[in-house]
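The block underneath contains the structure these notes are about, expressed in structure tokens.
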2 protein chains.
Amino acid sequence: MAVEYSGTGDPARSMALLWRAADREGRTGLSVDRIVAAAIELADGDGIAALSMRKVADKLGVGAMSLYTYVPGKGELVDLMVDQVLGEPERPELPASWRARLEHVARSNLALYRAHPWLLQVGTARPPMGPNLLAKYDYELGALEGTGLSDVDLDTTLTSVLAYVNGAASAAVESAQAPDRSGMSDEAWWEVQAPLLEKVFDPQRFPLAARVGAAAGEAYGLIDPDHAFEFGLQRLLDGIEAFIARN
Amino acid sequence: MAVEYSGTGDPARSMALLWRAADREGRTGLSVDRIVAAAIELADGDGIAALSMRKVADKLGVGAMSLYTYVPGKGELVDLMVDQVLGEPERPELPASWRARLEHVARSNLALYRAHPWLLQVGTARPPMGPNLLAKYDYELGALEGTGLSDVDLDTTLTSVLAYVNGAASAAVESAQAPDRSGMSDEAWWEVQAPLLEKVFDPQRFPLAARVGAAAGEAYGLIDPDHAFEFGLQRLLDGIEAFIARN
DNA sequence: GGGACGTTCCGTACGGCGTACGGTACACCG
DNA sequence: CGGTGTACCGTACGCCGTACGGAACGTCCC
């Protein structure tokens, strides 16, 4: 397994692609849009590890090298995929309370990660400055409008919430994928693991881990990653509420 | 870039490796420990994308296939790397206040991610149940001891903090790596990006993004990812404090 | 000392990857 | 109909993880 980073090619070319300047269509009907769509479909289904230029090309009934007429390389293709899916979530009028708005933003991001788990693997520093990223940023900032926070605090607060969502969504999404990926339910996994662990783990040495681990295992279903997501989100929003109140 | 998942081989073999049961040393001095150490060094330096069995073997002056005498495959090797680095942080006696303790836990995890950025890319569902993971869990639960929370809430609260740290550390670490990886400072990157963006971005359409983005850019240095990390952490802890108080 | 055996080490090979390079075949313009 | 630009893509290179089978070695028994 490795990690996908952004394209490092000509920034002007990348920007033109993101904003679909000079969008052509070849004689076989190939286009940037179709390539990006096929790539997203592949990554959604089999994970980003299974995304290859050859497979994208196969899916489109085209030779692998034909893709390079439209896209400079795989890095740039991933950038395009990212901006593309960032445009998917509907962005309805937001409710009146900032807290309900921010909750909506958080859950909508979770849903996006759920739909496209590979988003969690692509770097977010130096993001692809596409139209959908910008629209998303604008929309999400709107959640905090009217709270009286300074512009800088607005950005920082949103960043913190998105950081939390990223981390909690990682746990939730991975946990949801694990059974499929491994062909083993959580229960089955534990049934294999528990007796092995028992042989090497000394509860005397780590009493807290033993006690709390057992309690957490017992309560599984009540405290799965989805509930952990909501719990942490509410705590974070409580803290933000206090911050807003005292500002 | 792809993503590294855990080994999917024989769980008993994996467990034996993690706990170093039956640790041998070959005639060339090869051993699981030396392989894991070499792999960590490679991943720390060049990222997990640059970690390959052949490079690990080269580093040890050994043929690639020799590694497979000690380690079933790359997935298991990554598991071993993870448990190994989880054992690195010192775990001193914790301060008296739960809040100071939890802050310590959060910052210590950030430091770990900084030291081993590739940790952010490996899946955490179905974690490798090694000695150091368990020790870490036990130690970190200790931060919340004495707060009066139930065992289940203990686990959930810790999970939430770690989720936040994971997300915020992703941003901080990637942002710190970006200049090296791209050979371009943040300023240089913006100098290239800004004029391109100006051509396609309409501030009228996204007034909030334009205003706040400008303010955030202006304040950069004051609100870099490190400060965002601390800001969000304090908000989250504030929320947890309220939760503890009302429990 | 000699032989047998188990383990360690690894050369080779297979199927996959991203993509550089250069050629072919088509659409369009004159 | 001929010329030109571009879309398409076959081939090849250097990587990857690892299956397979053989070679080299340490150890033990006779």
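Letters A, B, ... mirror the listed sequences (proteins, then strands); counts begin at 1. Here the structure is a predicted model, which is why all the values come from computation and not from measurement.
- The closest side-chain donor-acceptor pair between Asp155(B) and Tyr137(B) falls under 3.5 angstrom.
- Listed by residue number, the members of residues 31-44 of chain B with any heavy atom below 4.0 angstrom from DNA chain C form an empty set.
- A salt bridge does not link Arg205(B) to Asp138(A): none of the charged nitrogens lies less than 4.0 Å from a carboxylate oxygen.
- For the atom pair CD (Glu198(A)) and CD (Gln193(A)), the distance works out to 12.5 Å, reported to the nearest 0.5 Å.
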N/O-N/O pairs, protein side and nucleotides 8-16 of chain D side, under 3.5 Å:
| from | atom 1 | to | atom 2 | distance (Å) |
| --- | --- | --- | --- | --- |
| dC8(D) | OP1 | Arg27(A) | N | 3.3 |
| dC8(D) | OP1 | Thr28(A) | N | 3.0 |
| dC8(D) | OP1 | Thr28(A) | OG1 | 2.6 |
| dC8(D) | OP2 | Tyr70(A) | OH | 2.5 |
| dC9(D) | OP2 | Gly63(A) | N | 2.9 |
| dC9(D) | OP2 | Ser66(A) | OG | 2.7 |
| dC16(D) | OP1 | Ser52(B) | OG | 2.8 |

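- If you check the side chains of Ser31(A) and Arg24(A), you find no donor sitting under 3.5 Å from an acceptor.
- Spacing between atom OH of Tyr68(B) and atom C1' of dA13(C) amounts to 14 Å, rounded to whole angstrom units.
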Original post:
Can you check side chain to side chain donor-acceptor pair (under 3.5 Å) on Asn109(A) and Glu140(A), steps first, answer last?
Top reply: CA-CA 10 Å; Asn109(A) 273 280; Glu140(A) 293 178 340; 2.8 Å; yes

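- Taking atom CG of Asp23(A) as the reference point, atom P of dA7(D) lies 12 Å away to the nearest angstrom.
- Taking Tyr113(A) as the reference, nothing meets the side-chain hydrogen bond (donor to acceptor under 3.5 Å, both in side chains) condition, with sequence neighbours excluded.
- With Asn132(B) contributing its side chain and Asp83(B) its backbone, the two residues share a donor-acceptor pair below 3.5 Å.
- Arg24(B) has a side-chain polar atom (N or O) that falls below the 4.0 Å cut-off from OP1 or OP2 of dT8(C).
- Put simply, CG on Leu60(B) is 15 Å from C1' on dT8(C), counting in whole angstrom units.
- We find the CZ-CG distance between Arg54(A) and Leu67(A) to be 11.0 Å, quoted to the nearest 0.5 Å.
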